[in-house]
2 protein chains.
Amino acid sequence: MGVLHRKESATTASRVFDAMRHDLVNGRFAAGEKVAINGLKEQYQVGLSPLREALNRLAAYGLLVQENQRGFRVPRLDRRELDDVAGMRRELEGMALERAILNGDAEWESELLAAAHRLKRADLSPTKVDEWEQLHTRFHSTLVAPCGSVWLLRFIDQLHDQFDRYRRMAPGVPEVRKVLDAQHGELVELALERDVKAARALLEDHIERSYEVALGSCK
Amino acid sequence: MGVLHRKESATTASRVFDAMRHDLVNGRFAAGEKVAINGLKEQYQVGLSPLREALNRLAAYGLLVQENQRGFRVPRLDRRELDDVAGMRRELEGMALERAILNGDAEWESELLAAAHRLKRADLSPTKVDEWEQLHTRFHSTLVAPCGSVWLLRFIDQLHDQFDRYRRMAPGVPEVRKVLDAQHGELVELALERDVKAARALLEDHIERSYEVALGSCK
DNA sequence: TGTTGTTAAAAAATCGATTATCTGTACTAG
DNA sequence: CTAGTACAGATAATCGATTTTTTAACAACA
């Protein structure tokens, strides 16, 4: 067991990046709001340098917009932007799913079943939303994981974060939620059957319905 | 003319970001090399804070890799990575071109012709390579500009930068270069004729041939 | 010989303070 | 009044120095 397990000691800047990414995606900041750097310093209990480094990363990632000499702001929720993000999700995740079904091995099948199961068992009570969200994200990421393209996965993650900003701000629609949850199970079935076409169609429909829910945030 | 023309005064961090992005794409840093922060301070004549902010942005953008507690390095040139980047370029630029041809208006046609012309006239002598590269980038970006998706354009830019790191390190292949140059003109023709399928096929072939040239950098 | 431990030097990350820029408000001239 | 200007307070960006962590060199030991 001589494997050198490098201590994954995060820097302050990395921790702030992760925390703020989470908070931004989950709507803890008002859309369009100007980011008060001094406020954040207290909120996250960090100094200025690592905080600014995190903000710079978030801006390059697309979760903040940076305006030279006048700081950072949270991007607005904009109908056109949501259309764009949802459309790109359809294209890219559809593409990735096709490839994943072609490449995925037995290990993938197991992980996919596991991820779907965990998601199904998780309850969606108000106090545990964050937990559910995490499992949901993990399910979708497992689904496309073996697509074989690091860049495709990277873009998909980025789009997911953008999309979730809208979805998490939108009011829930219980009856659609039920359909969406059922689709997760159906996606797994189709993936295991290696039915590329049907799986892709279903995933695109899944994204389309989520999009309609997310629309509630910027109407 | 009361239009307030906001001075686009860049911050030091932004200027360093732009300069380093250019230098990284054009191979001014050895692949795999560890970035010596103190060296860069002198090289770009800036202080530590703006420099680090620029490095953080570049890492989020994918032109540097960040390893916690041990700084930044220039990503290696890796055959698999190039395959991935080229493959994604084919997919995304193909998609974008189809949409651009459907959406592009007369103004686009003019700009496209202009961009192609400027590129054709530019000479590729060793001293003016940077200039040629800039026109080349601009041509490809004009080609897909009216695709209607901000995110798609963003991803394409990112992939272009990645791809060019490889291509600029590869030895030139004059006879392929001739074919590639000719294809630029043919792309314009097909785009103006609104021949979606043929244009897409040609663009994919164009990328494929460029890829074969770029391969010379990591064999 | 090879492994482990110690420590000095180097490099990265962070802090505290300073400088530059912007923003809003009050004031002035037309 | 209205447009423009000047100033003060607030905010952003940057600097210089400090702290923390890693790297490398070398010695002690099995």
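Reminder, nothing fancy here: chain letters follow the sequence lines and each chain counts from 1.
Distances shorter than 4.0 Å separate some side-chain N or O of A:Arg70 from OP1 or OP2 on C:dT23. The phosphate of D:dC15 (OP1 or OP2) has no side-chain N or O of B:Lys41 nearer than 4.0 angstrom. The side chain of A:Lys34 places no N or O atom within less than 4.0 Å of a non-bridging phosphate oxygen (OP1 or OP2) of D:dT11.
When each of D:dT14, C:dT21, C:dA13 is scored by its nearest atom to the side-chain atoms of A:Gln69, the top-ranked nucleotide is C:dT21. Closest to the side chain of B:Ile37, out of C:dA12, D:dT14, C:dT21, is C:dA12.
One atom, CG of A:Asn68, and another, P of C:dA20, lie 17 Å apart when rounded to the nearest Å. Following rounding to the nearest Å, A:Asn56 (CG) and C:dA13 (C1') show an atom-to-atom distance of 15 Å. In this structure, B:Leu64 atom CG and C:dA12 atom C1' are separated by 15 Å, rounded to whole Å. In this structure, B:Asn38 atom CG and C:dA12 atom P are separated by 7 Å, rounded to whole Å. For B:Glu42 and D:dG16, the CD to P distance is 13 Å, given to the nearest whole Å. When rounded to the nearest whole Å, the span between CD of B:Glu67 and C1' of D:dT23 equals 14 Å. Nucleotide D:dT14 holds its P atom 13 Å from the CD atom of A:Glu53, rounded to whole Å. Rounding to whole angstrom units, CZ of residue B:Phe72 and C1' of C:dA12 are separated by 9 Å.
Salt bridge status for A:Asp181 with A:Lys120: absent, with no side-chain N to carboxylate O gap under 4.0 Å. A salt bridge is absent between A:Arg90 and A:Glu204: the closest approach of a Lys/Arg side-chain nitrogen to an acidic carboxylate oxygen does not fall below 4.0 angstrom.
Interatomic distance, CZ of A:Arg73 versus CG of A:Leu64, reported as 11.0 Å (0.5 Å rounding). The CD atom of A:Gln183 sits 7.5 Å away from the OG atom of A:Ser210 when rounded to the nearest 0.5 Å.
At the heavy-atom level, B:Ala13 lies under 4.0 Å from the strands shown only through sugar-phosphate atoms. The residue B:Val16 sits apart from the nucleic acid: no heavy atom pair falls under 4.0 Å.
Partner of A:Val144 under the side-chain contact (heavy atoms from CB on, under 4.5 Å) criterion, out of A:Leu153, A:Ile101, A:Leu92, A:Leu152: A:Leu153 alone.
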- Message: Does A:Arg168 form a salt bridge (charged side-chain N to carboxylate O under 4.0 Å, His left out) with A:Glu133? I'd like the steps, not just the answer.
- Response: CA-CA 10 Å; A:Arg168 302 255 0 215; A:Glu133 288 288 343; 3.6 Å; yes
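Not less than 6.0 angstrom separates the ring centroid of B:His184 from the ring centroid of B:His117.
Heavy-atom distances under 4.0 Å link DNA chain C to A:Gly47, A:Leu48, A:Ser49, A:Pro50 of residues 43-52 of chain A, given in residue order.
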